[in-house]
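Take a look at the structure set out below.
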Amino acid sequence: MWQKLVLYEADSSSPSGLRSAIHSPEFFLAKDGTTNPESELQATINALLASPTDQPDQHAKCRFPARLIWLLEKLPEKKAQLQPLACPEFSAWSHEKKIDSVSLVFANGYLGNPASYYGHIFLKFNDRENAENSRLLDLTLNFGAILDKQDDPISYIVKGISGGYDGGFSPIEFHFHTSTYGEKELRDLWEYRLNLSEAAVQMVVAHSWEVMRKRYVYYFFQRNCAYRAAELLQIVDGIRVVPGNQPWLIPQTLIQKLADTRLEGQPLIANAIYHPSRQSRLYEKYSSLSHEEQRLISRISDKTAILETPELNALPMEKKQAVIDTLIDYYQFNLARDSSEQNKKAPPEYFSALTARLMLPPGTPDVTAQQSGSPERGRSPSWVQLGIVHTDAGHNSQLLRLRPAYYDALDAGSAQVKNGALSMGEVQLEHQQGKLSLRQLDLITIDSVNPAVTGLPGDRGFGWKLKAGVEQDRLSCRHCLVGRLQGDIGLGHQLGSKWFASVYAGGAVQESSPDYDNAFARLSSTILFRPTSELGIRMSYEWRKPITSGKPSHSISTVEARRALGKDYDVRLSLERDQRDRLVLATGYYW
Amino acid sequence: MRKFVLNTAAIILASTFSVASFADSGSKEPGSGPNPFTDCGIGAALFPNTHWAAVSSNVIWDVGITAVTSATLSPQTCSGKKVKVALFIRDTHEQLAEELARGEGKHLTAALDMFQCGAGQRQQAITTARSGLGQAVAMPGYAEQSQLGHAGQLYNIIESAANHACAV
């Protein structure tokens, strides 16, 4: 327990073999407390036993309330001297001991920023006196990298991965996050309220106070928000939610681990609360309207009709309210999507809609936000696939595909961008006639698609793709690996609930190859069909034109079907055509 | 040193103008006390220029806390509680206005809770504030005001409604 309280981690360069994850001097009471647990323990006991001064907030009992709780248990003979002090600052921060539960909040992935690709997690402390609908005032504790100065994007990524930034917990009220994530970044939040005893809640709150605003080293892949939030929870005996020995920790993994954990015979997650983003709320409201009402919104949004149109006035009151509420969400959604300037202002049409709504009677039309599925019940983020390959040249081989994280167009879940793709470090190996060869290595693949559910101006499905790695120059060639950087921009559109279509234009630069020399341009289109939540089919067509060699253009077609087999497995059948046909039947396991 | 003084003067001037732009137009209730946006030094300084990375790399290091602390140091004009409400309204004024238009919502409940307006008087406060917002948005030039201006006006409207409906 002591090692957990001072966050000691294994470190071969330390004389004790341990070093605290925190390097802020004020976190330690012994001079060598960073690396010497015994010395820090003795200094802590001495400081806790010291007489109070006229500055109680500076006393060890107020600075380290979790250490005090633990030592009260361990040193019953010192109980009288270890009685807690009145600590004004800690009391104020911890809502005068009115926090009665702790939640973990998960924000789904966001492709607008590399640091947020895999989602985010933070802690929330629930004040028992805040009514359910006033939970916006609850306190949160958020772990992130500390950017003391503005770095360029490349430095930001490199430093984030390699430990170039400090990290720390910062306190702020929940409404800041609902505003930032839900309204500005259009990300859904899932809140998981934990089933903890009163003593456990007190311990987590006390330990949070100790580590708050202290400096850690931040590592994007492992010592990240999910790791540090889980570490705070693990101060409670019986909670073990940090997966061991994995070189990365994805926030969704932690949520799934929480969902599988029981504490004293009870599920650790007491209940889950969905906080839909502005985008989700817009799509729900828009989808609940009739086709005539949707057309009316379309005409008002593209300014071929005015808000005072007789068609709107002729609607029943509840429908009129629903149309104007949808328009209000639409204008704010558009504003959030507009990345052209900072400190953006809503358009005049937004204020007209607000004015119109204020002139109608109060009342909220009944629209329930539908979740497509909760992240804690989704599949695990990592995936390995084994398959057999057959080509029309008569060659058979075996395929091994490993994707450490995260998803593709056919298996994106509720925590990910639907119909999109994100993976890093995906590798494909092929085994044929006793030889193992690299077929593909993707450093990064991103398909940032937008569903354009409404099809209104500003929601017309602009998307982009980026891919960097090594792959076979052509499908027909097994030994023509080239390094390739590919990029596309395009449009996508959701067609009903089951179909999604997209078209893209882009190209690639690469190492010189027999077919493309150094670059090619391309046009591509994809249709996704999801008849059920378990079954998905992707059909794509790509036309490529070598730019520098003057060689003729050619096309590549792919059909891939995926069937989920429970939460942990899937089976896929794909056919690719590029001079040759390549048929793959494979089964995958999520872990 | 000279550069520092000039920069400081420029920042103070800029903050003064941005705050003054809505200070006069706010429908401040006599006796309702200071508006933290105008009277407690919360101005443009509380809208940090968020770097593309800082917004979503989950870095929130004391946003607003410094202002709360410094405002609390001026007991004659501001209380920490008022500044806390101001920060809430600054961050959520659009949702608040929309919920006022619908007549209900969790942001609205939270704001009224912060003004000590209990469940029994809440509906009356909402009706009053809804009417106040209706008048404000109908004023010429409302749409052109800054976000800070909208937040400051909304603060006055809700505080005034809470004073009317929820006074003990």
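Order of the sequence lines sets the chain letters (A, B, ...), proteins ahead of strands, with each chain counted from 1.
Rounding to the nearest 0.5 Å places NZ of B/K106 at 12.0 Å from CZ of A/R135. Expressed to the nearest 0.5 Å, how far CG of B/L108 lies from CG of A/L136 amounts to 11.0 Å. Note that CG of B/D113 and CG of A/L137 are 7.0 Å apart. Values are rounded to the nearest 0.5 Å. Taken to the nearest 0.5 Å, the CG atom of A/L335 stands 6.5 Å off from the CD atom of B/E94. Taken from CZ in B/R130 to CZ in A/R357, the straight-line distance is 6.5 Å, to the nearest 0.5 Å. For the atom pair B/D91 CG and A/E173 CD, the distance stands at 9.0 Å (nearest 0.5 Å).
The side-chain hydrogen bond (donor to acceptor under 3.5 Å, both in side chains) check on B/E98 picks up A/R278, A/Y350, with sequence neighbours excluded.
For A/M317, the CE atom sits in a packed shell: over 12 heavy atoms of surrounding residues, nucleotides or ligands are nearer than 6.0 Å.
Aromatic ring orientation, A/F351 versus B/H150: tilted (interplanar angle from 30° to 60°).
Considering only heavy-atom pairs separated by less than 4.5 Å from chain B, the leading option among A/Q321, A/M359, A/Q332 is A/Q332. In terms of non-hydrogen atom pairs under 4.5 Å with chain B, the most contact-rich of A/D325, A/D329, A/T364 is A/T364.
Interface residue B/L133: backbone and side-chain heavy atoms are both found under 4.5 Å from chain A. Only the backbone of A/P361 comes within contact range of chain B, with heavy atoms under 4.5 Å apart. Contact annotation for B/A138: neither backbone nor side-chain heavy atoms come within less than 4.5 Å of a heavy atom of chain A. Proximity to chain B (any heavy atom under 4.5 Å) is shown, for A/I324, by neither the backbone nor the side chain.
Between A/P348 and B/A143, the shortest heavy-atom contact is CA-CB, 4.5 Å. Nearest heavy atom pair, residue A/P362 against residue B/G103, reads CB-CA, 3.8 Å.
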